[in-house]
Amino acid sequence: MLDSRYVADHLDEVREQLARRGAEFADALDGVASLVSSRRELSRKTELLQGERNTASDAMAKLARSGDKQGMAARRDELKALSERVKGLETDLAGVEAQIEETLLIIPNVPHPSVPDGRTEDENVVVREWGTKPSFSFEPKPHYELGEQLGILDFERAAKLSGARFSVLWGLGARLERALQTFMLDLHTREHGYTEVHPPYLVKAEALRGTSQLPKFEDDLFKTKRSDPDDPSALYLIPTAEVPVTNLHADEILDAAQLPLAYTAYTPCFRSEAGSYGRDVRGLIRQHQFDKVEIVRFAAPEQSLAELERLTLHAEEVLKRLGLHYRVVEHCAGDLGFAATKGYDLEVWLPSQRMYREISSCSVFGDFQARRAKIRYRPEPKGKPRLLHTLNGSGLAIGRTWVAIVEQYQQADGSVLVPEALRSLMGTDRITSR
RNA sequence: GGAGAGGUGACCGAGUGGUCGAAGGUGCUUGACUGGAAAUCAAGUGUACGGGCAACCGUACCGAGGGUUCGAAUCCCUCCCUCUCCGCCA
């Protein structure tokens, strides 16, 4: 969420910055500006009258102590009227504040000045590549064909259980999923300094509001208690570990010395994929449920851009160790996530598609999430609390990593070599038909 | 799910209608004392918004929301959470 006062005081600037995203928020922004000025006026009036009421109330207390029943009776009506006026103003003020919040909650973050222009993902900028495209003496197969032939991947039975966009992994396929969890968590905790977290997979609406999946992207989420969809206490399945992990520090004031905080978490992720009906219908690329190891950092504002580079390298290291060819692209302004102010995608090479596909998204959110979730830190021991900056990235999406390994390491005979780094966890150096 | 108890500042804990942003203690910070430290003594020590160059002042906040009242941390209602016992369960 943007700062309402900043928006009101820098209307044109914010308008221009948001225009880079290719979206129009003119009306909403004007609305915020005028609401902010009526809030100022209203709160001044309210406080003045509250002060009057408090003074009068103290006088009443004195009368009460001196047992002046008559004096009290004489003033009661007058005070009641005053009190009613205060309540009226308080209600109005709360109304204005709610309107400001409501508007601001659906306005995206402004792109950082360093973010390149562009409308769609086609205008993202390739920053660097790592490794080389594997070459094959045969036509490389898609992972879903290989997986089914090897008996490690089963969509038919998944459909029987849960419908489309679910999968069952068998044998070494399941083992590979588990090996990847362990491998990634071990790398981040042992070598990159992250603290491992095991969070809940069901969260309150409040948490989703903190990281900005709500209120705007409710359709993308699975909500529990469907029998009473309006129950405000209904829990949601997490679409990413970002939600529970970032909100760990909601409503907290951290010490500067604690920063940067670095957490990693393995969780399943649940996404309704509403509106993506025709896309990636085959294979593991787009599922309602997938596993992911997430990395999350909390940083002082001055550090956050450098922290983004660091976090991105941590995610990249996973691909390097697995020997998977990939590239890094920077989001153009139009392709930036709702809450992000700058970000990179890691795209892994999929031979069967002859394409780079997103396997990680690393973002810095500035104070956008911190303002929503009220995550602050104290710059100096006695100083005023200040919003910190949040960051996160996939480190990595495990399903897509599984896909990349099967495709990049496939052999002419249909078997799949196990990357060196996973061999001890897998207990084998090759996946063959069972 | 049933019965009971409770949610107060960084922490413990007092406060059952008015002068309570909140006693007392602990912790922390600063000062005094000391060769230094401990102990002791003194002062300070929440967050947000508004005003002021500043000292500081005003307003709100005692789990959340609503109500009663001239006035609520204190009374009433609803919800959330924690603890104890029973039941059930992994």
Side-chain angles (χ1 to χ4, degrees), chain A residues 1-9 32-33 35-102 104 198-210 214 224-225 228 230-236 244 247-259 261 268 367 370-388:
Chain A
M1 189 165 67
L2 299 175
D3 178 19
S4 62
R5 272 166 303 173
Y6 189 87
V7 170
D9 295 343
V32 169
L35 283 167
V36 165
S37 81
S38 46
R39 176 177 62 189
R40 242 170 227 156
E41 202 178 314
L42 255 178
S43 89
R44 184 185 287 276
K45 262 197 225 167
T46 307
E47 290 186 6
L48 218 62
L49 219 58
Q50 283 170 330
E52 258 180 61
R53 183 201 55 194
N54 291 349
T55 313
S57 211
D58 286 350
M60 239 356 208
K62 288 200 181 82
L63 293 180
R65 259 173 291 135
S66 64
D68 185 352
K69 293 248 163 56
Q70 280 187 347
M72 288 174 74
R75 306 206 55 193
R76 193 158 282 150
D77 286 348
E78 183 193 332
L79 276 188
K80 188 173 179 67
L82 178 60
S83 189
E84 291 304 324
R85 281 172 66 207
V86 170
K87 275 178 197 163
L89 283 174
E90 283 172 346
T91 307
D92 294 349
L93 183 58
V96 170
E97 275 170 351
Q99 277 186 65
I100 292 175
E101 170 115 350
E102 197 185 321
L104 245 23
H198 183 70
Y201 303 159
L202 286 163
V203 295
K204 300 178 189 178
E206 203 183 325
L208 288 151
R209 213 173 298 123
L214 287 180
T224 61
K225 299 189 188 171
D228 180 8
D230 294 328
D231 180 355
S233 68
L235 298 174
Y236 294 80
N247 281 287
L248 283 172
H249 292 300
D251 294 308
E252 291 186 11
I253 301 174
L254 305 167
D255 292 333
Q258 292 176 266
L259 302 180
L261 282 170
D367 61 14
R371 181 170 296 108
R372 291 173 165 238
K374 297 188 183 66
I375 311 172
R376 293 174 293 173
Y377 79 110
R378 214 179 283 281
E380 330 262 316
K382 287 276 181 180
K384 257 179 89 68
R386 189 177 166 208
L387 292 170
L388 50 68

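Throughout, a chain's letter reflects where its sequence line sits, starting with A, and its residues are numbered from 1.
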*asked:* Taking 4.0 Å as the cut-off, does a side-chain nitrogen or oxygen of A:Arg40 come that near to OP1 or OP2 on B:C49?
replied: no
Under a 4.0 Å heavy-atom criterion, the protein footprint on nucleotides 65-74 of chain B, written with B, S and -, is ----BBS---
Here the distance between atom P of B:G50 and atom CG of A:Leu48, to the nearest Å, is 16 Å
Contact check, residues 92-99 of chain A vs RNA chain B, heavy-atom distance under 4.0 Å, returns none
- Message: Taking B:A22 as the reference, what is the distance to B:G58 when you measure between their P atoms (whole Å, please)?
- Response: 11 Å
_Donor-acceptor pair (no angle test) under 3.5 Å: A:Glu47 side chain, B:G58 base_ = yes
With both pairing distances under 3.5 angstrom for Watson-Crick or G-U wobble, and | for a partner in another strand, the correct string for RNA chain B is ((((((((.[[[..)..(.....]]]((((((.......))))))((((((....)))))).[[[[[..)....]]]]])))))))....
Note to self: Taking the basic N atoms (NZ, or NE/NH1/NH2) and the acidic carboxylate oxygens, is any pair closer than 4.0 Å for A:Glu78 and A:Arg75?
What the structure shows: yes
(request) Pick the P atom in B:U19 and in B:C12, then give their distance to the nearest Å. (result) 26 Å
| request: Would you indicate what A:Arg5 reaches in the nucleic acid, counting non-hydrogen atoms under 4.0 angstrom: base, sugar-phosphate, or nothing? | output: sugar-phosphate
Exercise. With P as the reference atom in both, quote the distance from B:G24 to B:G35 in angstrom, rounded to an integer.
Key: 33 Å
Under 4.0 Å, heavy atoms only, any strand: does A:Lys62 hit a base, just the sugar-phosphate, or nothing? nothing
A:Arg376 vs B:A48: side-chain N/O to OP1/OP2 distance below 4.0 Å: yes
